[in-house]
Participant: 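Take a look at this one; I'll ask things after.
Note that this is a predicted model, so its numbers are computed, not measured.
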Amino acid sequence: WREGGADYYGCDCWGLVRLVYYDELGIVLPEYGPDDPRPRERIVDAEVLRWERVEGAWRDGDVALLTAGRAPVHVGLIADGHRLLHALPSGARLDDLRRGHWRARVRGVYRWTAVARS
């Protein structure tokens, strides 16, 4: 774990998403620093980037936006269609989204599209 990190020396939740998207898909996602005034939900803002909300079956690589209370504060990657790969201060882990408290925290799941949204 490293706040604001996005490499193999350490990363936070958004850094893990950025690292996987770059290494596996060749997609460079924007960097958000700890002093960035935008809320975390701007990470997958369809008006700014190329994301579309997924209402049906999730695919590997989709990005889940999760809440703590009402605030969207955490992101992770969908793996195996139902698990969440995410980085926490305790380390990176996989959690099953079909049950448990993580499922209740999912605010939305988003998929990167090839065409910019207008």
Participant: Decide side chain to side chain contact (heavy atoms under 4.5 Å, CB included) for L84 and L66; before the verdict, give the C-alpha distance in whole Å, the side-chain angles of both, and the deciding distance to 0.1 Å.
Facilitator: CA-CA 10 Å; L84 178 70; L66 300 108; 3.9 Å; yes

Participant: Identify the two heavy atoms, one from R70 and one from T67, that lie closest to each other, and give their separation to 0.1 Å.
Facilitator: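 Looking at all heavy atoms of both residues, the closest pair is O-CG2, 4.0 Å.
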
Participant: So do D23 and Y8 actually touch side chain to side chain, heavy atoms under 4.5 Å?
Facilitator: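 Y8 reaches D23 side chain to side chain.
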
Participant: Could you walk me through whether D12 and W1 pass the side chain to side chain contact (heavy atoms under 4.5 Å, CB included) test, one step at a time?
Facilitator: CA-CA 6 Å; D12 59 14; W1 169 265; 3.4 Å; yes

Participant: Quick one, W58 and L97 - any side-chain contact, counting heavy atoms below 4.5 Å?
Facilitator: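 Side chain of W58 against side chain of L97, heavy atoms only: contact under 4.5 Å found.
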
Participant: Please step through salt bridge (Lys or Arg N to Asp or Glu O under 4.0 Å) for the pair D96 and R99, ending with a clear verdict.
Facilitator: CA-CA 6 Å; D96 194 332; R99 56 186 173 276; 3.2 Å; yes

Participant: How are the rings of H74 and W102 set relative to one another: parallel (under 30°), tilted (30 to 60°) or perpendicular (over 60°)?
Facilitator: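 It falls in the tilted class, 30° to 60°.
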
Participant: Testing V63, V28, L16 one by one against Y21 for a side chain to side chain contact (heavy atoms under 4.5 Å, CB included), which residue passes?
Facilitator: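 Answer to the side chain to side chain contact (heavy atoms under 4.5 Å, CB included) test with Y21 among V63, V28, L16: V63.
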
Participant: So, for C11 and A87, which heavy atoms are closest and what is the spacing to 0.1 Å?
Facilitator: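 Nearest heavy atoms, C11 then A87: O-CB, 4.0 Å.
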
Participant: Could you go step by step and tell me if R2 and D7 meet the side chain to side chain contact (heavy atoms under 4.5 Å, CB included) rule?
Facilitator: CA-CA 9 Å; R2 185 167 55 98; D7 57 36; 2.9 Å; yes

Participant: Evaluate the side chain to side chain contact (heavy atoms under 4.5 Å, CB included) criterion for residues H86 and V75: first the C-alpha distance (whole Å), next the side-chain angles of each, then the deciding distance (0.1 Å), finally the verdict.
Facilitator: CA-CA 7 Å; H86 57 133; V75 292; over 6 Å; no

Participant: Closer than 3.5 angstrom, by distance alone: can the side chain of R107 be matched with the main-chain N or O of L65 as a donor-acceptor pair?
Facilitator: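 Here the side-chain-to-backbone pair does not exist.
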
Participant: With a 4.5 Å cut-off on side-chain heavy atoms, are V54 and I78 touching?
Facilitator: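 Answer no - side chains too far apart.
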
